[in-house]
Asks: 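Have a look at this one before I ask anything.
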Amino acid sequence: MDILILLVPVSLGLGLLGLGAFIWTLRSRQYEDPKGDAARILSDRWDDRPAPVEDRAPRQRRPDAAGPQGGERG
Amino acid sequence: MSVTEAPGGIGCIGCLTAPMAQGKGEAAAVDEIVLAVPGADCAACIPALEEGLASFPGVRDVRVNLSLRRLRVRHDGSLAPEDLIPEVARLGYEALPLDLVALSGTENDRVGRDLLMRLGVAFFAMMNVMLLSVAVWSGATDATRDIFHLLSGAIALPTVLFSGQPFFRSAWAGVKRGRLGMDFPISLALVLASSISVYESFHGGDHAYFDAAVMLTFFLLGGRYLDHRTRAAARSAAQELAALEVPRAIRLTGEGQETVAVADLLVGDLISVRPGARVPADGVVTAGESEIDRSLLTGESLPARAAPGGTVSAGEVNLTGPLTVRVTAAGRDSSLSRIAALVAVAEEARSRYTSLADRAARAYSPLVHTLSFSAFAFWMWKTGGDLRFAVNISAATLIITCPCALGLAVPAVVTAASGKLFRKGLLIKSGTALERLAQVDTVVFDKTGTLTLGAPEPLDLVAHDADDLRVALALAQGSSHPLAQALAQGSLGLGVRPAHVTDVREVPGHGIEGVWQDQRVRLGRADWVGAKAGDVTATTLRIGGAEPVTFAFADALRPGAEGLVTALAAQGMELHLVSGDVAGAVEGLAQRLGIPAWTAGARPEEKAAYVRALASQGRRVLMVGDGLNDTAALAEALVSVSPASALDAARAASDIVLLGRDLAPVEDALRIARQAVRRMRENFALSAAYNVVSVPVALMGFATPLLAALAMSLSSVTVTLNALRLK
């Protein structure tokens, strides 16, 4: 049963990794337009080159308006 | 109206934004425009709109939000929504400007993200604790079991403390007010499960309920989050609609004019009302002549004449000429506010409606507390005072009866149903609207703007003389009056070419005149051209000294109205038509659609009284209306629907807003609502069934954490799946 000393922390660590990833997606507002993102991934608009930098809206933390999430566009 | 006139606009949608950018919108974003695009609902809309607008001068970045059906345009500061709307229309989409300030609340849905964060943490904890628990259930003993229990506790306790906060807070608030809601037994179960599990783990006990505690938290938070989503969607719908209208007025001062908020108007102020704008306050006309559209206020389809000395009321639309109005009643005293007061009274009556979930919770809490306490008392007596055993049993009872499925039963169905209806073009503003809609057996319709589009349509154009039509068309093209525009469009549709009429000029409040083949020609009000006025909506043409020709109009039916009325009648619904319009117009429409009961000339109070009278006869009334005069009746009815074109007061008073022009989705709403309520009842029955099986087991002391976990997850998953069965 000594293997448990290794396995339990590993499984917890993986779980925490997942939790961290979830918190990151939540913080970076990736749940604002699930329907649009589902459609965008199939678009071939930026297949040849990445979206220009200006086109990717900066991730502003403005209290009044959530900036569009340009990072998902690529 | 042209863009340069825009800052003065008050009511009309096209002129909202200039005052918005100057006033409270300034702080939000001068370089950002948000448009509602109700038609954007497919993947192809994204490139169509984004690439179509990207090349528009001044546009920096365009982003479509398909979930909210919004378009966000960042620009270099030179654009106004009215520049973009025609461009979006050219791409084939209808667009409406939104007020960024009014929207800010929903864009930053802090509560929703907070709940989601707690949900994520609970999910992580549930999975890991479950992993450890499965090891225990499958036979880990002694030291291994105790270590696993302690590890589970180390994960579960912080999780319950963090993720369970929404329940603890609301339970505590309930206790302070002396009422025990559903959250009290939930919190009790969480606290009891965690504390006995800690005790058991340290004393080498067999059972620890850490997995049950986090699972409870997870499933209940899931229900809470769905519930919040529905409410947030309702709130954002309301805000979005409110954002469509920015109430502003132009006040004339000694030196010139200033734009002020309607709330700041005082009695005695002189205000200017431009053509196309909405009258912001009640008043007396002191200068100018025009015609005003009272349809939203009274339901009259015929424009009324406005001249010095005449009175105008807030909410009416000025049609042809600029008016100067002396305010006689503002704010509290205006006719608008009187209607608002009627609405407030009626809404209070409605808020007494008890939802299915509330009724279930009311029955649930006392039952669970009694059960758990009797189990405790019984086992104390039976075992001769074994406190540890008795507390274990009563905690197991609390955990097993805990309303995982109950907390999900209604939110899951409401979420599924609102999603379905949103795709059909209906916004559900109230959480209990579906339940109320399912009970409807009587439908009361308003006429102007609801069953009809509120836009006139010329009748029998082909019957007219070709020359008359050509002259009328030439004159009609010179005016923005709705009758003239309808006449022009109708004639152009028939392939009529305008006659060569010179010196065309509009006489505000009367009509248009010009010269054709050296004769004076006039198109306008009957008394002005020298004819006798009839009681139908009409405009009269007179060429020189010839006999006047009358063009009659009827209000165009809203698409889907006929189908809806037929379908509702087929379902055995009692149909009523209540309008503020003249008897002739109302009777004609009632006969055309086959609505047996109709009332004409009804004032706002009478409409509300009509609905109240039906309700007192035990009828469950659905009111469909759009005007200010319907507002009180909308609030009075059990449930109400208004089209998106309705005045904001009417939309605010109704439970459901129709986004498109078509009335047909109302029938879908009724069908889906009935289905949704059936699913809710099934869900309650399902969760009760699980309890009927598991509670006796718990009371007898045979409950294990495995059984609790099974009952909880199975019942939660079944009710969710059942909700998704909605078609």
Asks: Hey, does B/Glu50 have a side-chain heavy atom less than 4.5 Å from the side chain of A/Arg40?
Replies: yes

Asks: Can you check whether B/Val214 reaches B/Phe218 side chain to side chain, under 4.5 Å on heavy atoms?
Replies: no

Asks: What part of A/Leu42 gets within 4.5 angstrom of chain B, counting heavy atoms only: side chain, backbone, both, or neither?
Replies: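 Neither part, no heavy atoms under 4.5 Å.
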
Asks: Please report the interatomic distance CG(B/Leu119) to OG1(B/Thr217), rounded to the nearest 0.5 Å.
Replies: 10.5 Å

Asks: By a 4.5 Å heavy-atom criterion (distance strictly below it), what part of A/Leu19 contacts chain B: side chain, backbone, both, or neither?
Replies: side chain

Asks: Do B/Ser201 and B/Asp146 come within less than 4.5 Å of each other through their side chains, counting heavy atoms only?
Replies: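 They are not in contact (no side-chain heavy atoms under 4.5 Å apart), so the answer is no.
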
Asks: Chain A heavy atoms under 4.5 Å from B/Asn65: which part of the residue, side chain, backbone, both or neither?
Replies: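 When you check distances to chain A, atoms from both the backbone and side chain of B/Asn65 fall under 4.5 Å.
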
Asks: Under a 4.5 Å heavy-atom cut-off, does chain A meet the side chain of B/Met117, its backbone, both or neither?
Replies: both

Asks: Is B/Phe148 in contact with chain A via its backbone, its side chain, both, or neither, using a 4.5 Å heavy-atom distance?
Replies: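 The side chain, not the backbone.
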
Asks: Please rank B/Leu132, B/Leu151, B/Leu116, B/Ile155 by heavy-atom pairs under 4.5 Å with chain A and give me the top one.
Replies: B/Leu116

Asks: About how many Å separate NE2 of B/His149 and CZ of B/Phe210, when rounded to the nearest 0.5 Å?
Replies: 8.0 Å

